[in-house]
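Chain A is the first sequence line, chain B the second, and so forth, proteins listed ahead of strands; every chain is numbered from 1.
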Number of protein chains: 4
Amino acid sequence: MEFSDKQLQIIETAEKLFADRGFKGTSVRDIAEEAGINLAMISYYFGSKVKLMEAIFEVRIGSVHMRIESLLKDDSITPLQKINMLVDEHVERVSQKECFYKIMITEQLINKNPAVLHATRQLKIRNAELVGQIIKDGQKKGVFKKKIDVVLMLNTLVGTVWQTMMNRDYYREFNNLQSLSDQEFNTLIKRKLSIHIKKLFKDILTNEA
Amino acid sequence: MEFSDKQLQIIETAEKLFADRGFKGTSVRDIAEEAGINLAMISYYFGSKVKLMEAIFEVRIGSVHMRIESLLKDDSITPLQKINMLVDEHVERVSQKECFYKIMITEQLINKNPAVLHATRQLKIRNAELVGQIIKDGQKKGVFKKKIDVVLMLNTLVGTVWQTMMNRDYYREFNNLQSLSDQEFNTLIKRKLSIHIKKLFKDILTNEA
Amino acid sequence: MEFSDKQLQIIETAEKLFADRGFKGTSVRDIAEEAGINLAMISYYFGSKVKLMEAIFEVRIGSVHMRIESLLKDDSITPLQKINMLVDEHVERVSQKECFYKIMITEQLINKNPAVLHATRQLKIRNAELVGQIIKDGQKKGVFKKKIDVVLMLNTLVGTVWQTMMNRDYYREFNNLQSLSDQEFNTLIKRKLSIHIKKLFKDILTNEA
Amino acid sequence: MEFSDKQLQIIETAEKLFADRGFKGTSVRDIAEEAGINLAMISYYFGSKVKLMEAIFEVRIGSVHMRIESLLKDDSITPLQKINMLVDEHVERVSQKECFYKIMITEQLINKNPAVLHATRQLKIRNAELVGQIIKDGQKKGVFKKKIDVVLMLNTLVGTVWQTMMNRDYYREFNNLQSLSDQEFNTLIKRKLSIHIKKLFKDILTNEA
DNA sequence: CATGAATGAGTCTTCATTCAT
DNA sequence: AATGAATGAAGACTCATTCAT
């Protein structure tokens, strides 16, 4: 389905507000005011508040896919390099689509819109399968060890990134980084996070014992 | 503050519903009906829905503290053992207080009750400091390496456990464990999770590189 | 189900307004204002506007039953007398429960509330059966002729009464009865109507031809 | 006023929907969608929803006139035959213009559009006068009895036909006519109804007593 | 102490109509 | 002539809270 510019504008506003206040905590009036449109336009364009949420997923779900199909076929890159690229990509993606990730989480936890749950589920399964293939490939090539729990590994990736991003401020405070600009700090934390997880993954993937 | 039996009964019901449907998604009427009490009693006992939420935190926040004061002083246990005990304890705690953890997360993400945020913040800072001390101790004893990012490490712990618990069903499905009973599966996933994180932590703490 | 005084007050107000403006043409706000109660009380007491309509039927449907069980068994009254009593009763009933009859008709025509349609249907079938029995009795006794179409006969009763009551004013105007008081005119029209239908029924029931 | 083909198409669609769901129960959007035209065209062509309703009456009211002017003058037909023809005609007309009759009734009962009420009123008065003339003619010729209540007689005609048509299904069920096709049943019920009313009228008109 | 009843603000949605093109 | 977009009013309903008893 295609969305007009006006629809995309509403979707972006709604995404921001849903992320900040939750689905129930955001009224269609809030969205309309923030987007500078008449409140009735939301029903007009999307049918209902629920379907507006689904439209957000329709628009965004593609852009949060782990893009690894191409990696899979590329033999000039080692499996470990592939995994590392994937980590970088995920950190960057969460950083850039933070609003959408927040929404995904609260939808799974409490709102449970069926269409949204379905899309999220498909995404997770697909990602696990693709990563599973990279790992199998590494195992075949003898560079990864035999027993690897793909799901736990991905949970560490997703969980660590999310926990770090959501609690950015604690990290800043605990490490006395208030002097950095927001942008500098953001760059720093993404780099630290990326290195941290890559190190963990190298251990998981290659360290026998 | 002390709570009567009736109040505790309301708190438990509210905790369950808030965890399942979110704060905004749960009406005081829902809570009253589920708890089998009169609707007006909630305002009567707690003053308001918001204060009921705060009461939940008042009751539960203590029980999710990492209990490591005693560990810190105990010299018969190695620092790595302490960390491992901490991992086991956290996995167990999240598993047993799942409802409360869910509420903590959604409150941080979207509801942002100031009193709740404050309590959560204190908890996090305190935990980071305590773990930081164990690590410093290990470093002094020369068994942990020098540069360790305590916050990232804790984020990996908390993020991985949470991500795994919240997505239990994916793990079950992906690993074809549908034949296990709920209880068997629960025991299994906690063990796997614990081993997984301990391995990561051993790597973080001891592997120079 | 029992209704409190307040509920009955709301029901009566709603009945009047529904009869006058139709279900869709009456807002719950209208009802609340007319009944002098808070608008939210309607949901509080009945659940919804639709269920309020159903409550009207629950309360009224009994009082519009043709009360002929007792007539059936009474052998001191001739079948024709029974039919005549029934006509009188129906004329009186429609005159007194005019609001409710109006609602019944519009519900059947356009609103089609399933619960309401069901109740109305039961009422019609039951009435047809009871009248059918009186007629069979009369036939057995040899005072009524053999072939009588019970449904058409009842349609003439119900249709004529309804058409006359609904168009009272035409009758008044056409027969130049503006000088009568409302009450006098009402008494007159009921008598005329009753005699008119009884005459028709005597013809239907006894006139071979 | 003349209506274009497009306007007539809208009028027909609106008539069907108004008959089925009532005026308030039918949105202009419903009509536009069902008629396959743009929503704004309704206001564009008719000015408003209310005026669309009035247009329906403008188009249809003529076709439900009892066409008896010619009968009045025709001396080759007896007054009773004239009345009988009138009954047949009315039964047929209601059967064919059922939608419009439904609208007339609900407009009188609840919507009460002044223009519509006026048109309906004119129709009724005119019909009563025309029938009154036939009867007077019959009385002059000595074939009808002296005292005849024209309005009640017409109410019996209109009421019985309407009641029977609206409750066709009860008639079918009560008389076990489910085996007939819709068309067969329709023919049957019209014939039965016609005979029934003619018999009543013969009684009213000729039976002294 | 406990409760059924009541309230007013707020929810999402639908509506007939209008306007710019 | 014809239309997609827009609008403001009104719709039914839910909510947390309060009050009289």
Side-chain angles (χ1 to χ4, degrees), chain A residues 4-7 9-10 14 23-32 35-53, chain B residues 4 6-7 10 14 23-33 36-53, chain C residues 4-7 9-10 14 23-32 35-53, chain D residues 4 6-7 10 14 23-33 36-53:
Chain A
S4 71
D5 283 359
K6 202 121 206 174
Q7 280 175 304
Q9 176 199 345
I10 296 171
F23 181 73
K24 293 251 177 183
T26 308
S27 73
V28 294
R29 182 164 265 108
D30 291 340
I31 299 170
I37 54 143
N38 183 287
L39 148 165
M41 292 312 293
I42 286 166
S43 292
Y44 180 72
Y45 276 131
F46 299 97
S48 71
K49 190 187 175 187
V50 166
K51 288 205 186 111
L52 169 55
M53 173 62 98
Chain B
S4 70
K6 203 133 202 172
Q7 281 174 303
I10 296 171
F23 181 72
K24 294 254 178 182
T26 308
S27 74
V28 294
R29 190 164 249 109
D30 291 340
I31 299 169
E33 274 169 18
I37 53 135
N38 182 284
L39 166 73
M41 293 313 296
I42 287 166
S43 295
Y44 182 73
Y45 275 136
F46 298 97
S48 73
K49 191 186 174 189
V50 166
K51 291 210 184 102
L52 168 55
M53 173 63 97
Chain C
S4 69
D5 283 359
K6 201 122 207 174
Q7 280 175 303
Q9 176 199 345
I10 297 172
F23 181 73
K24 293 251 177 182
T26 308
S27 72
V28 293
R29 182 163 266 110
D30 291 340
I31 300 169
I37 53 143
N38 182 288
L39 149 166
M41 293 313 293
I42 287 167
S43 293
Y44 179 72
Y45 276 131
F46 300 96
S48 71
K49 192 186 173 187
V50 166
K51 289 206 186 109
L52 169 56
M53 173 63 97
Chain D
S4 69
K6 203 134 204 170
Q7 280 175 305
I10 296 171
F23 181 72
K24 293 253 178 184
T26 308
S27 74
V28 293
R29 190 165 249 110
D30 290 341
I31 299 169
E33 273 169 20
I37 54 136
N38 182 285
L39 165 74
M41 294 312 297
I42 287 167
S43 295
Y44 182 73
Y45 275 137
F46 298 95
S48 72
K49 190 187 174 188
V50 167
K51 291 209 184 103
L52 168 56
M53 174 62 98

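Of the residues near DNA chain E, D:G25 and C:S4, the one whose nearest nucleotide (by heavy atom distance) lies more toward the 5' end is C:S4.
At the phosphate of E:dG4, OP1 or OP2 sits under 4.0 Å from a side-chain N or O atom of B:N38. Phosphate contact (OP1/OP2 of E:dA6, side-chain N/O of C:Y45, threshold under 4.0 Å): present.
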Side-chain donor-acceptor pairs of residues 37-46 of chain D under 3.5 Å, sequence neighbours excluded:
| from | atom 1 | to | atom 2 | distance (Å) |
| --- | --- | --- | --- | --- |
| D:N38 | OD1 | D:A40 | N | 2.7 |

Given Watson-Crick and G-U pairs under 3.5 Å, DNA chain E in dot-bracket ([ ] crossing, | other strand) is .||||||||||||||||||||

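One interatomic measurement links the two molecules: CZ of B:F46 to P of F:dA16, which rounds to 15 Å at whole-angstrom precision. Spacing between atom CG of A:L52 and atom P of E:dT13 amounts to 10 Å, rounded to whole angstrom units. A straight line from CD1 of C:I37 to P of E:dT7 spans 8 Å, rounded to a whole angstrom. Rounding to whole angstrom units, CG of residue C:D30 and C1' of F:dA9 are separated by 14 Å. Between the CE atom of B:M41 and the P atom of E:dA2 there is a distance of 5 Å, given to the nearest Å.
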Can you check each nucleotide of nucleotides 16-21 of chain E against protein heavy atoms at under 4.0 Å and return B for base, S for sugar-phosphate only, - for none, in 5' to 3' order? BBB---

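D:K49 contributes a side-chain N or O that, together with a main-chain N or O of D:T26, makes up a donor-acceptor pair within less than 3.5 Å.
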